[in-house]
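Chain letters run A, B, ... following the sequence lines, proteins first and then strands; every chain starts at 1.
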Protein chains: 2
Amino acid sequence: MTSPNKTNGVPRYIQIRESLREDILNSVLLPGQKIPSEDELALKFGFSRMTVRQGISDLIDEGLLYRRNGVGTFVTHPQIVRDHTRLTNFLENAKIKGIEAKVQVLIADILPAKLRVSRALDLKEGELVIHIKTLRLANGDPVTIHDAYVPYRIFPLMLQEDLENHHIWEYMEAYGFPVKRAVQRMEAREADEEIAGLLNMDVGAPILYKERTVYSENGTPVEFTYCYNRGDRYSLTVALFR
Amino acid sequence: MTSPNKTNGVPRYIQIRESLREDILNSVLLPGQKIPSEDELALKFGFSRMTVRQGISDLIDEGLLYRRNGVGTFVTHPQIVRDHTRLTNFLENAKIKGIEAKVQVLIADILPAKLRVSRALDLKEGELVIHIKTLRLANGDPVTIHDAYVPYRIFPLMLQEDLENHHIWEYMEAYGFPVKRAVQRMEAREADEEIAGLLNMDVGAPILYKERTVYSENGTPVEFTYCYNRGDRYSLTVALFR
DNA sequence: GAGTGGTCTAGACCACCCG
DNA sequence: GGGTGGTCTAGACCACTCG
């Protein structure tokens, strides 16, 4: 049942990784402390050093450990809120934070892409896009307006889906285009009349304006969205690496 | 001169990596295209497969390639502006974009940390922090105000440095605390009188407000900064991953 | 079944850092 | 010099995907 490269069906580098992670979470290994050397771990687990390295590398990518050449591998100080780096959607986010989320579809139609949208989605100008405009409410208060565009060619049936209770990303994954990354540009703007009306705020009040392009696993752009967020109800946290 | 694990002093996995990168940049390998299998590459370069894998893995981390189990390794569609994900500082950024940058120090003093700052920097309340307030100008126009706080305990000599022509991160690295990551929270706000005056804009105009905590390699928080960016002159681009 | 990536080994030598 | 991570080998078997 168990193949030679696994124990209990779990790859060895994952066993090492999870064992180390547990030691860190349970304060067996403390922040700043050196963990056992790769040779020691290899000996202790009875795995080869390359396998140990793979497990450690995963934790380094996660930011839980860091290596210093010629010195050792150490536990990172755990200050950082590690999430918020992740691309999550409105419904997921609300669930995590225990907020009652609601999505109201304002517009759902199909139209030819304008220049800006076609560029972002790598389409010819005028190629059809699905346009979904939504208002998002948290605990009953409007916080965000989304103007989303997705290529009709890739998702011709998107408008038949339940867009108020499921996020389009779920459907994108089902259609074979799992969402993988996004690039977003933000700036501060004043609310115009339409935005102010929908978000229930004064004209001229500050909003966080955001343009976002979302890409699937293979790099295909699958969504371009203009977002308007209430300045006083919405903040965005991101992590950057050097 | 050349050690057995290198050729021309360059590690083999880096040779493979850069060779593949060049092929992608020069469109020898096109977006969506399958690259040669790991076995083929190993044969072609005369390196072992594990070494080839290491080179490929780097490019996957960069987002240039992606693997599909049992199928192959493919070139990502190159839409994404890959940088902007990186933590860069004002001076570096300006240099890249060819903007003439200037930093004006408004305040540089030492004082006890208030609650917010002490929390972010993991200090006791009242512990000393260095406070550096700067105005940043791009091509002569003010765009950003920074209110930065760094732990006095770690960088007692920071105020002796040339803060207008060098970024504090350079000194942090020299002191053994290389900057590695940051978490920042953003929202849209209105300019108050002080901010409006310094940034040469109207009171009530939209600004992009940002709080940032910067961490060094080992996870120590080394800087906490309040940033006020002109809404009409400044936008921030970030990448997120799922 | 053929081809591909995923995992793993049991070694090896090197470069780096520290006392 | 001794310990550490960095790089590398020449194989191996497995799991997955596709035609």
Side-chain angles (χ1 to χ4, degrees), chain A residues 1-20 29 32-61 64-76 176 178 217-218, chain B residues 1-20 29 32-61 64-76 173-174 176-178 180 217-218:
Chain A
M1 192 65 35
T2 54
S3 68
N5 282 346
K6 308 198 178 167
T7 313
N8 307 325
V10 179
R12 296 183 172 167
Y13 75 92
I14 292 181
Q15 295 176 40
I16 290 253
R17 186 184 74 197
E18 296 311 316
S19 165
L20 287 172
L29 293 169
Q33 194 182 329
K34 192 166 100 48
I35 71 169
S37 74
E38 296 175 353
D39 279 332
E40 284 180 81
L41 287 169
L43 197 64
K44 178 179 153 199
F45 281 84
F47 302 162
S48 83
R49 187 179 151 215
M50 284 298 264
T51 301
V52 170
R53 267 181 81 76
Q54 194 178 352
I56 291 175
S57 294
D58 278 2
L59 295 177
I60 287 170
D61 289 344
L64 232 51
L65 297 176
Y66 65 99
R67 289 197 180 100
R68 296 188 53 154
N69 195 345
V71 186
T73 305
F74 300 80
V75 180
T76 304
E217 179 187 67
N218 69 358
Chain B
M1 191 69 36
T2 54
S3 67
N5 282 347
K6 306 196 178 169
T7 313
N8 307 325
V10 179
R12 295 184 173 166
Y13 76 92
I14 292 181
Q15 295 175 40
I16 291 254
R17 186 183 75 197
E18 295 312 316
S19 165
L20 287 172
L29 294 169
Q33 193 182 329
K34 192 167 99 49
I35 72 169
S37 74
E38 296 175 352
D39 280 332
E40 283 180 81
L41 288 169
L43 197 64
K44 178 179 153 198
F45 282 84
F47 302 162
S48 83
R49 188 180 148 213
M50 284 298 267
T51 302
V52 170
R53 266 182 82 76
Q54 194 178 351
I56 291 175
S57 294
D58 278 1
L59 294 178
I60 288 171
D61 289 344
L64 231 52
L65 297 176
Y66 66 100
R67 289 197 180 101
R68 296 188 53 156
N69 195 344
V71 186
T73 305
F74 300 81
V75 179
T76 304
E173 172 146 20
F177 287 83
K180 191 69 179 185
E217 180 185 67
N218 70 357

Practice prompt. For residues B:Ile56 and B:Arg67, determine if any side-chain heavy atom of one lies less than 4.5 Å from a side-chain heavy atom of the other.
Written response: yes

Worksheet entry | Atom-to-atom span, CG of A:Leu65 to P of D:dT4 - whole angstrom | 16 Å

Fill in: Separation of atom CG in A:Leu59 from atom P in D:dG5, rounded to whole Å
14 Å

Item to complete: Of all the heavy-atom pairs spanning B:Ala42 and B:Ser48, show the shortest one and how long it is.
Response: CB-C, 4.1 Å

Worksheet item: Can you tell me if the side-chain N/O atoms of A:Arg12 get under 4.0 Å from OP1 or OP2 in C:dT9?
Response: yes

Discussion item. I need the CZ-C1' distance between A:Arg68 and C:dC16, as an integer number of Å.
Written reply: 11 Å

Fill in: Nearest-neighbour nucleotide for the B:Lys34 side chain, D:dC8, C:dC8, C:dT4 considered
C:dT4

Fill in: B:Glu40 CD - C:dT4 C1' separation (whole Å)
10 Å

Worksheet item: Which whole-number value in Å describes the distance from A:Gln54 CD to C:dG5 C1'?
Response: 12 Å

Worksheet entry | Closest-nucleotide 5' rank along DNA chain C - winner of B:Glu38 and A:Val71 | B:Glu38

Item to complete: Identify the two heavy atoms, one from A:Phe74 and one from A:Gly32, that lie closest to each other, and give their separation to 0.1 Å.
Response: CD2-O, 3.5 Å

Fill in: Distance below 4.0 Å between A:Thr73 side-chain N/O and D:dG5 OP1 or OP2
yes

Worksheet item: In whole angstroms, how far is the P atom of C:dG3 from the CG atom of B:Asp39?
Response: 11 Å

Item to complete: Check the distance between C:dG11's P and A:Leu43's CG and give it to me in whole angstrom.
Response: 12 Å

Worksheet item: For the side chain of A:Arg49 and the base of D:dG6, is some donor closer than 3.5 Å to an acceptor across the two?
Response: yes

Worksheet item: Roughly how many Å is it from CD1 in B:Ile56 to C1' in C:dG6, rounded to a whole number?
Response: 13 Å

Discussion item. Please determine whether a side-chain nitrogen or oxygen atom of B:Thr51 lies at a distance below 4.0 Å from atom OP1 or OP2 of D:dT9.
Written reply: yes

Response to the item:
Assert: residue with more 5' nearest nucleotide on DNA chain D, out of A:Ser37 and B:Gly70, is A:Ser37

Discussion item. Does A:Asp58 form a side-chain contact (heavy atoms from CB on, under 4.5 Å) with A:Tyr13? I'd like the steps, not just the answer.
Written reply: CA-CA 9 Å; A:Asp58 278 2; A:Tyr13 75 92; 3.5 Å; yes

Worksheet entry | Shortest side-chain distance from B:Met50, nucleotide among D:dC8, C:dC8, D:dA15 | C:dC8

Worksheet item: Is there a side-chain contact between B:Leu65 and B:Ile60 (heavy atoms, below 4.5 Å)?
Response: yes

